[in-house]
There are 4 protein chains.
Amino acid sequence: MATKRRVSRLSPERRRADIMTAAREVFSEKGFNEAVMSEIAERAGVVEGSIYRYFKNKRDLLFCVSESWFEEMISTDEPTLAAVTGTWNRLRFIIHRHLMAIKTHPDLSRLVFQHLRPDPEYRKTKLFALNKAYTNRVVELVREGVENGEIRPDVSPSLVRDMIFGAIEHRTWAYLRNEGGYDPDTLADQLTDLVSFGLRKKDQTDEIARAVEMLEGAIARLQPAAGAS
Amino acid sequence: MATKRRVSRLSPERRRADIMTAAREVFSEKGFNEAVMSEIAERAGVVEGSIYRYFKNKRDLLFCVSESWFEEMISTDEPTLAAVTGTWNRLRFIIHRHLMAIKTHPDLSRLVFQHLRPDPEYRKTKLFALNKAYTNRVVELVREGVENGEIRPDVSPSLVRDMIFGAIEHRTWAYLRNEGGYDPDTLADQLTDLVSFGLRKKDQTDEIARAVEMLEGAIARLQPAAGAS
Amino acid sequence: MATKRRVSRLSPERRRADIMTAAREVFSEKGFNEAVMSEIAERAGVVEGSIYRYFKNKRDLLFCVSESWFEEMISTDEPTLAAVTGTWNRLRFIIHRHLMAIKTHPDLSRLVFQHLRPDPEYRKTKLFALNKAYTNRVVELVREGVENGEIRPDVSPSLVRDMIFGAIEHRTWAYLRNEGGYDPDTLADQLTDLVSFGLRKKDQTDEIARAVEMLEGAIARLQPAAGAS
Amino acid sequence: MATKRRVSRLSPERRRADIMTAAREVFSEKGFNEAVMSEIAERAGVVEGSIYRYFKNKRDLLFCVSESWFEEMISTDEPTLAAVTGTWNRLRFIIHRHLMAIKTHPDLSRLVFQHLRPDPEYRKTKLFALNKAYTNRVVELVREGVENGEIRPDVSPSLVRDMIFGAIEHRTWAYLRNEGGYDPDTLADQLTDLVSFGLRKKDQTDEIARAVEMLEGAIARLQPAAGAS
DNA sequence: AATGAATGAGGATTCATTCAT
DNA sequence: AATGAATGAATCCTCATTCAT
């Protein structure tokens, strides 16, 4: 009627990005089931129906949001990881980054663990591929370690991967339920140590090796600061 | 009207058990959200309302079902575990049993992982306590191993626990999504080995020599930066 | 089994009284719909089924509770009212008592107004009879007042009754919704005065003269219309 | 499946009006608790869910229905009331209209008395405001009467209001329970008389005044008919 | 491309009342 | 007389998705 129709026509990319930003917020705040499409639409400044032009459905939207988060993480990590040398340093770095990612985005982490990964179609999704790329850094690390003789050749690289990410996930569940925190630095050290040396008590040589290992870690942590000066 | 009121009066214990059995079936087959109370009631041979005399609500019912499953597992394991001697044997036994439990009851496992553990109230539930008892066997094992000198004293027992159950869980997600199986025997062996020996190659004299060299170089490089501050 | 069944066997009268006391509490606290039989049973120290030995159903229970309240009120008022002399004093007394009753038992009052009086069967209930007796004191008072010449003979006693109790009820709705109080003394005075003297200013000779003039004019204007029909 | 999705898109105003019309019918026929949303939806030619786009919930719907009824009454009365002159005529008019409203819409009246007015939130509702406007006409009338000397200045206008509407309500409860009728004309006369003159027997002047008053009423009732010819 | 009204399936839960024990 | 387990009907509301405009 007399009411003017204010149709803001943004570029599709921008529109899509707005929706994803809004969705990430709402999913993070409310969780998947409690998040409602109309609120996402409202925050994105679009109408409910418009979301369906860009995303197949609510689940698809969640997948896309999570994918973009993974892509962010991977692209952030990549350059830094490239600068870290030494098998054990790199391993600790990956562990530390993952602990940080969960600490910074517990809500998104929980969404992935609870709603995406259990999805029967999960394996066919892009998120699965991204996650694979993300976790495969450990697999490759192990392979390289085997090649250069630092890692014994009879371990399953994928089992190492599952062990590391499984341990982290298990360890952080309390935090994901908002029940207390954890210190990524300490935990990364402990976990790296445990994975690399195992439980068994060993002879002297190993003790020395471990001491060296700790020194290496300390230096690695100092290097960026020193380089920045 | 013409409907006869057939009131069968069973012992409360029996009635409760019937409902739980039916619920376990339906939850396993359908998952939590898709399970409907009326079907559980029907299979249990009761009327919907009767379920609510024994269980507060659907979620409570799921918790109770899961608890009884855990109790079963714990009471089944206990005598056998008591008969297994040797730290590493016992560790392998626990790992193997857990792998078997998931393999035998993937649906219940998924329910716990997906619906119960993420519950904000989880920590206050009996299921949490049971799960703690269940996983604590690893913690105790580590402590004993430390005491008798088989395990090095500087590992965090709870981190070992998280590592083991995390690794198992991560490893079995594909199976939980019905995407292929795994061999509990092999996997238990691999995991026990990995946890106990770690990744490192045993003889590392050369490695150490090289590492020491690197450290010396690194320290030399750091000294100017430290001096500049 | 080994559990001893503690069946306390009280006199039926006592049992009935306990239930009514509990019911009055629960109804008062929760209102009719929100009151649940199991809570009444619990507070009365009986089992749900037992209530139905003494009362036909929930509604019947509410009626009985209300009846006993009315009986209390009537028997409390009676002796005092007998001691009050003079039509206007007695009228004021009745009004004041009713205002006090509502002030003391707003919850019971609301139950009667909201759930009992609108009942299609209300007129057949004992509560109706009691209420009639309760309010009829006004009717009788008016009749007596007419007889002794204090009240003009052309008023409908029942209309006076409805006016008084209606006015009180209307006036107290805010209080019944827990929205503020009222002062029974002042209000009783005002109401008695208003009912007895009405709205009109006393000396109206001039008014009458003016009215008569208007009437003459009106009739003059009407005559043509009447003639036209 | 094979069900065709027939989407009829009406103007929101029309749709809302349809729902309210249907709701008024169903609420009137069944009462609040017995009215079911699905029947309202069906009669309105919409789907249940659609009702919730226009009304927050069942209670809100009832409030809106009642509000529209009040608005109708007020807007119907207004022009006629403006045409009626003289304090006592106007008073009788208001009383008469209210008696007629209840007589015409006993079911809606009962809904208001039983479900809306007792609502703890009632005072915050639009219905309360409307009702206040509706009944305030009496308050204003009294104030005007005091100003022009027809009404004694020491009465509480709001008490007069409560007395009138309370009396009407009390008087009509039997009818609201479907137990017999009443004659609005007679009752309006009686009530006006009682309110204006009170109970007390007075001297001759008042008798004359009353006779004049009755004549005025008779003429007032004749005027519309005469004017319409 | 955008709108946003309409769809419509879907299910947990409550609780007064009964009646076998 | 007392118990209390069993009954089972009954319904409001949500919200992802569609599609006419």
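The chains referred to below are lettered A, B, ... by the order of the sequence lines, with proteins before strands, and numbering in each begins at 1.
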Determine whether [X] and [Y] make a side-chain contact, defined as any pair of heavy atoms from C-beta on separated by less than 4.5 Å.
X        : Y        : value
C/Pro120 : D/Asn178 : no
C/Met37  : C/Leu61  : yes
D/Trp69  : D/Val112 : yes
C/Ser68  : C/Arg24  : yes

Margin query: Taking the minimum atom-to-atom distance to the side chain of B/Val36, which one of E/dA12, F/dT3, F/dA16 wins?
Written below: E/dA12

Margin query: Using the side-chain heavy atoms of B/Ser50, tell me which of these nucleotides is nearest: F/dC13, F/dA6, E/dT7.
Written below: F/dA6

Send over the distance from [X] [atom1] to [N] [atom2], rounded to a whole Å.
X        : N      : atom1 : atom2 : answer
D/Glu39  : F/dA10 : CD    : P     : 14 Å
B/Glu48  : F/dA5  : CD    : P     : 20 Å
D/Phe32  : F/dC12 : CZ    : C1'   : 10 Å
A/Arg16  : E/dA2  : CZ    : C1'   : 17 Å
C/Glu42  : F/dT3  : CD    : C1'   : 15 Å
A/Asp18  : E/dA1  : CG    : C1'   : 15 Å
D/Met37  : E/dA9  : CE    : C1'   : 17 Å
C/His115 : E/dA16 : NE2   : C1'   : 16 Å

Next item on the list: Nearest-nucleotide wise, let me know which of B/Gly49 and A/Gly49 is further upstream toward the 5' end of DNA chain E.
Entry: A/Gly49

Notebook entry, point to check: Does D/Glu34 or B/Val46 map to a spot on DNA chain F nearer the 5' end, using the closest nucleotide for each?
Noted result: B/Val46

Margin query: Please give me every residue in residues 51-66 of chain D whose heavy atoms get under 4.0 Å of an atom in DNA chain E, ordered by residue number.
Written below: D/Arg53, D/Tyr54

Salt bridge present between [X] and [Y] (N-O < 4.0 angstrom):
X       : Y        : value
A/Arg43 : A/Glu29  : yes
D/Glu13 : D/Arg16  : no
C/Arg59 : C/Glu121 : no

Notebook entry, point to check: Quick one: does NZ or CZ of D/Lys58 land under 6.0 Å from the six-membered ring centre of D/Phe32, within 45 degrees of the ring axis?
Noted result: yes

Checklist line | Stems formed with participation of DNA chain E [Watson-Crick or G-U wobble, under 3.5 Å, three or more pairs] | finding: E:2-21 with F:2-21

Note to self: It should be established whether D/Arg15 places a side-chain nitrogen or oxygen under 4.0 Å from OP1 or OP2 of nucleotide E/dA6.
What the structure shows: yes

Next item on the list: Describe the nucleic acid contact of B/Ala35 in one word from base, sugar-phosphate, nothing, applying a heavy-atom distance below 4.0 Å.
Entry: sugar-phosphate

Next item on the list: Give C/Val47 one of three labels, base, sugar-phosphate or nothing, depending on what nucleic acid heavy atoms sit under 4.0 Å from its own.
Entry: base

Note to self: I'd like to know whether C/Arg15 forms a side chain to side chain contact (heavy atoms under 4.5 Å, CB included) with C/Tyr54, so could you lay out the CA-CA distance, the side-chain angles of the two residues, the decisive distance to 0.1 Å, and finally the verdict.
What the structure shows: CA-CA 9 Å; C/Arg15 197 43 71 107; C/Tyr54 297 98; 3.2 Å; yes

Notebook entry, point to check: Is there a donor-acceptor pair under 3.5 Å between the side chain of D/Arg177 and the backbone N or O of C/Arg123?
Noted result: no

